[in-house]
Amino acid sequence: MFQLIYISTAQNILPNDLDSILSISRRNNGRDGITGMLLFNGKRFLQALEGEEAPVMAAYKRIKCDHRHRASAILSSKAVDDRQFGNWAMASQRATRDTNDRSLIEAVDALVADVSDPNIRALFSSYVRMAVAA
Ligand SMILES: Cc1cc2nc3c(=O)[nH]c(=O)nc-3n(C[C@H](O)[C@H](O)[C@H](O)COP(=O)(O)O)c2cc1C
């Protein structure tokens, strides 16, 4: 099992874009045996993709070229024993003006609670705390 985590900066994001990104992701990732999680704070994306190495790299190659974000940087790419991000074709959370900060933090902490690598868990937990502070 292979896992890749990257961060990127949104650009030209329209209100409906996140919904269409998620529905395409769930369709393609379901087909390709990819699971993961996408966080969006209105400025930056943090995404984990996991599955067999070839489909994960193929998905990342497609995602990287997407004009709705730029400056994608890989934070971690490595073999993992098991899926760390449950069985979600793509779990997601977004911070919006309507989102109560505490409920967002709690939602993300719950989503990553089963991630066995403490560094990866800390990455997502600290990202969401930074995101709500921004
Ligand atoms: C931040 C971000 C995350 C994305 N995540 C995924 C993903 O997990 N899986 C996926 O297939 N496409 C994802 N996409 C969309 C891809 O860039 C691309 O539009 C899509 O894979 C094309 O699918 P299609 O060839 O079936 O039309 C993402 C795009 C962005 C901007």
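Starting from 1, each residue takes its place in the sequence as its number. Start at 1 and go down the list; that is how both ligands and their atoms are numbered. Values reported hereafter were calculated over all heavy atoms of this structure, with side chains retained and with hydrogens, waters and symmetry mates removed.
For the ligand labelled ligand 1, residue Tyr6 lies inside the 4.0 Å heavy-atom shell.
Side-chain polar atoms of Ser116 and Gln84 form a donor-acceptor pair below 3.5 angstrom. In this model, a donor atom of one side chain and an acceptor atom of the other lie less than 3.5 Å apart for Ser72 and Tyr60. Between Thr35 and Arg83, the side chains place a donor N or O and an acceptor N or O closer than 3.5 Å (distance only, hydrogens not considered).
Annotation: atom 9 (N) of ligand 1 to nearest protein heavy atom, Asn29 OD1, 2.9 Å. Of all protein heavy atoms, the one lying nearest to atom 6 (C) of ligand 1 is Ser25 OG, 3.0 Å. For atom 4 (C) of ligand 1, the closest non-hydrogen atom on the protein side is Ile21 CG2, 3.7 Å.
Less than 4.0 angstrom separates some heavy atom of Phe45 from each of these atoms of ligand 1: 1 (C). Heavy-atom proximity to Arg68, at under 4.0 Å, picks out these atoms of ligand 1: 19 (O). Less than 4.0 angstrom separates some heavy atom of Ile24 from each of these atoms of ligand 1: 20 (C), 23 (O).
Taken from CE in Met90 to OG in Ser25, the straight-line distance is 5.5 Å, to the nearest 0.5 Å. Between the CG atom of Leu38 and the CZ atom of Arg26 there is a distance of 9.0 Å, given to the nearest 0.5 Å. From Ser23, atom OG reaches atom CG of Asn28 across 9.5 Å, with rounding to the nearest 0.5 Å. Note that CZ of Arg68 and OG of Ser20 are 5.0 Å apart. Values are rounded to the nearest 0.5 Å.
Of the heavy atoms in Ala59, none comes closer than 4.0 Å to ligand 1. Of the heavy atoms in Ile34, none comes closer than 4.0 Å to ligand 1. For Leu49, every heavy-atom contact with ligand 1 shorter than 4.0 Å involves the side chain, none the backbone. The parts of Ile63 lying near ligand 1 are both backbone and side chain, judged by heavy-atom distances below 4.0 Å.
Residue contacts with ligand 1: Asp66 is placed with a nitrogen or oxygen under 3.5 Å of a nitrogen or oxygen of the ligand (distance criterion only). Here's the thing with Ser8: none of its N/O atoms is less than 3.5 angstrom from an N/O atom of ligand 1.
Residue nearest to atom 24 (P) of ligand 1, selected from Thr35, Leu46, Asn28: Asn28 (by heavy-atom distance). The heavy atom nearest to atom 27 (O) of ligand 1, out of those in Arg62, Gln47, Arg27, Met90, is found in Arg27.
The backbone N or O of Gly36 lies less than 3.5 Å from no partner atom in the side chain of Gln47, so there is not a single donor-acceptor pair.
Between Phe45 and Phe40, the angle of the ring planes stays under 30°, which puts this pair in the parallel group of the 30/60° scheme.
Salt bridge present: Asp117 and Lys78 bring a charged side-chain N and a carboxylate O closer than 4.0 Å.
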